[in-house]
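Numbers restart at 1 for each chain; the letters A, B, ... are given by sequence-line order, proteins then strands. Just so you know, these numbers use all the heavy atoms, side chains as well, and skip hydrogens, waters and symmetry mates.
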Number of protein chains: 2
Amino acid sequence: MTNDTLSMERMQRTGLSCVRRLPAYLQLLRALRAEGREFVSGTVLARVHYLEPVIVRKDLAITGVMGKPRLGFPVNELILAIEKFLGWDRAARAVLVGAGNLGAALLGYQGFEDFGLRIVGAFDADPRKIGREMKGHRVLPLQRLPGFVARGKVELGILTVPAPAAQAAAAVLVRARIRGIWNFTSVRLQVPPEVVVQKEDLAEGLAVLSHRLRQPGAQGGDSVPPRQV
Amino acid sequence: MTNDTLSMERMQRTGLSCVRRLPAYLQLLRALRAEGREFVSGTVLARVHYLEPVIVRKDLAITGVMGKPRLGFPVNELILAIEKFLGWDRAARAVLVGAGNLGAALLGYQGFEDFGLRIVGAFDADPRKIGREMKGHRVLPLQRLPGFVARGKVELGILTVPAPAAQAAAAVLVRARIRGIWNFTSVRLQVPPEVVVQKEDLAEGLAVLSHRLRQPGAQGGDSVPPRQV
DNA sequence: CTGGGCTCGATACTTCAATATCGATACTGA
DNA sequence: TCAGTATCGATATTGAAGTATCGAGCCCAG
Ligand SMILES: NC(=O)c1ccc[n+]([C@@H]2O[C@H](COP(=O)([O-])OP(=O)(O)OC[C@H]3O[C@@H](n4cnc5c(N)ncnc54)[C@H](O)[C@@H]3O)[C@@H](O)[C@H]2O)c1
Ligand SMILES: NC(=O)c1ccc[n+]([C@@H]2O[C@H](COP(=O)([O-])OP(=O)(O)OC[C@H]3O[C@@H](n4cnc5c(N)ncnc54)[C@H](O)[C@@H]3O)[C@@H](O)[C@H]2O)c1
């Protein structure tokens, strides 16, 4: 059985929780590679992220990379495998729709290249914003989006318009044959089944934070720390 | 058994997945209240959010509000119960640390009052930003944070500084006796157990999106997959 | 060259969320 | 008035994620 077949088989039964943790591993692995480390144990990765070592090993198993006893996992190989697994080996091209508060922040964020994303265009409906330069991008009118997407092989749309405009803007993206939408509005978008929508809802995190503040027995930290020492 | 006792008992065994869904219900319930609706069935709530009716009923059960057969749940009572459950009946006061790209977006966001949050101050370390007005807030030097927090009964800190500055900035917040930190950096903060940290990681969502784009059998629409504690 | 100890992968167990099913209730409409 | 039905709450079942444990491999120290 080839490595690829193995990888594909495991991909089927991949839990989402695991996928969510991969970027954190990737970040640390890249830092280790920059230091020249060749191997790292799952135990070390776990300690940094307050996880159980066994979770890390199980997560890394889906990449198909084998660790060596006493040594750990090969850092560089693991980086490449995770990047390939997530499709981050080549950055996906994305357009941003809604060059407002949040849109400007995302346009100005330098870290997306590390996460397999490159914003190549910004669009807005407000005539006062169109034509202006924003964080190194010229804001274009929404009417030019379909041509831009088709010509530029754009795969993703980032949606940062006000809630009432969200569904209509999503429809424009869908008609432009975008493959996925990163949705920062609070609207549940209706899209055809071939379009993937990932909703990013700040209210969710805020609800968890508020709730934990009210919980008397809540523990601090980003997650449950394993056991001390 | 009083409603309060019931509510407190159920609060103990509340799952996080449920808490994450509450803001979505709340949003729709408020819209219904604005229309004058007095009752709404769990089935309707479920349809809007693409959930199973059973899930909605179980989620709403933790508020202690009882629904009536054939009628549904009392809208206004439910809103008040959810707000109280999350502690959103009075907005928590928060300071923002790091008035950069993302910080400016959050400062300019008008929707936080609906989520029980009020940003009352903005802080930065960059002398060029200090003193400037930003989205209606004067940016203050970090040294003034402790006094500001103590005097203003500030409970929350919003962390939007670059990653290398994150731990130090968190330490300032902790020393100022903040109760919770909303962490937008990619750093796992080390804080004492009485401080609650909620980490908001865009890379997680992006990883899920990328992965689903590569999954041939993935279906569209946004789902809210459960996350680890 | 040989035993100790760290680490890996595999398997079994536990916990919790999602789903299915059921009887009970109260409004609708004939 | 009373059958019909949408809806509720409760319980049981399924499934996924996290946890515990074990044997095996391999490096290193002595
Ligand atoms: N700002 C934040 O911190 C924040 C946080 C969480 C969620 N959000 C969500 O992000 C979205 C945008 O928030 P914001 O604060 O940036 O609002 P904003 O008003 O600052 O920006 C919205 C932008 O969208 C443009 N726009 C309006 N209608 C459009 C259309 N039909 N097509 C294209 N562009 C259009 C507007 O001209 C404006 O530039 C909202 O849905 C909000 O709920 C924002
Ligand atoms: N911009 C985005 O869209 C985005 C998205 C996801 C995550 N983030 C994260 O948010 C954080 C900020 O991102 P950004 O794009 O706003 O960066 P930024 O550089 O625009 O803003 C950072 C701000 O923090 C200030 N600062 C630096 N050191 C400080 C200190 N010790 N104390 C107080 N303030 C200090 C800087 O002066 C600057 O104003 C980063 O950790 C980034 O990873 C940003």
Side-chain angles (χ1 to χ4, degrees), chain A residues 1 3 6-7 9-22 24-25 37-75 77-78 81 204 208 223-227 229, chain B residues 1 3 6-7 9-22 25 37-75 77-78 81 204 208 223-229:
Chain A
M1 182 189 293
N3 199 319
L6 182 65
S7 172
E9 268 179 17
R10 283 176 162 150
M11 209 162 151
Q12 305 295 336
R13 69 189 74 162
T14 302
L16 278 184
S17 311
C18 158
V19 175
R20 288 183 179 284
R21 286 188 291 264
L22 290 180
Y25 301 144
R37 276 284 285 274
E38 283 189 43
F39 288 86
V40 63
S41 77
T43 314
V44 170
L45 288 172
R47 214 177 2 249
V48 173
H49 292 295
Y50 303 102
L51 296 168
E52 290 295 328
V54 65
I55 288 192
V56 177
R57 290 203 300 271
K58 262 170 78 168
D59 288 346
L60 298 185
I62 68 161
T63 65
V65 175
M66 289 288 177
K68 289 185 190 170
R70 175 103 197 178
L71 249 164
F73 296 85
V75 171
E77 196 178 329
L78 208 44
E204 284 185 11
V208 174
S223 71
V224 186
R227 67 194 130 79
V229 173
Chain B
M1 184 190 294
N3 199 320
L6 182 65
S7 172
E9 267 178 18
R10 283 178 161 145
M11 207 163 153
Q12 305 295 335
R13 66 190 73 161
T14 302
L16 276 185
S17 310
C18 158
V19 175
R20 289 184 179 284
R21 286 187 292 262
L22 290 180
Y25 302 144
R37 275 285 283 275
E38 283 189 42
F39 286 87
V40 63
S41 76
T43 313
V44 171
L45 287 172
R47 216 180 357 249
V48 173
H49 293 294
Y50 303 101
L51 295 169
E52 290 296 323
V54 171
I55 291 191
V56 177
R57 289 203 300 272
K58 262 172 77 168
D59 287 347
L60 297 186
I62 68 162
T63 65
V65 175
M66 289 289 176
K68 290 185 191 171
R70 176 103 198 176
L71 245 164
F73 296 84
V75 171
E77 196 178 329
L78 208 44
E204 285 185 9
V208 174
S223 71
V224 185
R227 277 215 290 191
Q228 194 224 340
V229 179

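Rounded to an integer number of Å, the gap from B:L60 CG to C:dA18 P is 14 Å. The CG atom of A:L16 sits 7 Å away from the P atom of D:dA17 (whole-angstrom rounding). Spacing between atom CZ of B:F39 and atom P of D:dC8 amounts to 12 Å, rounded to whole angstrom units. The CZ atom of B:R57 sits 14 Å away from the P atom of D:dA6 (whole-angstrom rounding). As a whole-Å value, the separation of B:L45 CG from D:dT7 C1' is 13 Å. The nearest whole Å value for the distance from the CD1 atom in B:I62 to the P atom in D:dG9 is 13 Å. Computed from coordinates, the B:K58 NZ to D:dT11 P distance equals 12 Å when rounded to whole Å. Atom-to-atom, CE of B:M66 to P of C:dA26 comes out at 12 Å; the value is rounded to the nearest Å.
Contacts of B:K68 classified as side chain to side chain contact (heavy atoms under 4.5 Å, CB included), with partners at least two apart in sequence or in another chain: B:F39, B:L71. Applying the side chain to side chain contact (heavy atoms under 4.5 Å, CB included) rule to B:P69 yields no partners; only residues at least two apart in sequence or on another chain are considered. For the side chain to side chain contact (heavy atoms under 4.5 Å, CB included) test, residues two or more places apart in sequence or in another chain that qualify with A:A24 are A:H49. Not counting sequence neighbours, A:R70 has no partner by the side chain to side chain contact (heavy atoms under 4.5 Å, CB included) test.
When the side-chain nitrogen and oxygen atoms of B:S17 are compared with OP1 and OP2 of C:dA17, none of them lie within a distance under 4.0 Å. A:R21 has a side-chain polar atom (N or O) that falls below the 4.0 Å cut-off from OP1 or OP2 of D:dG18.
You'll find the side chain of B:L22 reaches within 4.5 Å of the side chain of B:I62, heavy atoms only. Using a 4.5 Å heavy-atom cutoff, the side chains of A:I55 and A:R21 are in contact. Contact check for B:L60 versus B:V65: no side-chain heavy atoms found under the 4.5 Å cut-off. The side-chain heavy atoms of B:F73 and B:T63, taken from C-beta on, include no pair separated by under 4.5 Å.
For the salt bridge (Lys or Arg N to Asp or Glu O under 4.0 Å) condition, no pair includes a residue of residues 37-49 of chain B, sequence neighbours left out.
Mapping B:D59 and A:S41 onto DNA chain C by nearest heavy atom places A:S41 closer to the 5' end of the strand.
Fit an axis to the five pairs at each end of the helix from C:dC1-D:dG30 to C:dA30-D:dT1 and the two axes sit 20° apart, to the nearest 10 degrees.
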**OP:** Summarise how protein sits on nucleotides 23-30 of chain D as a single string, 5' to 3': B when a protein heavy atom is under 4.0 Å from the base, S for sugar-phosphate-only contact, - for no contact.
**Re:** --BBB---

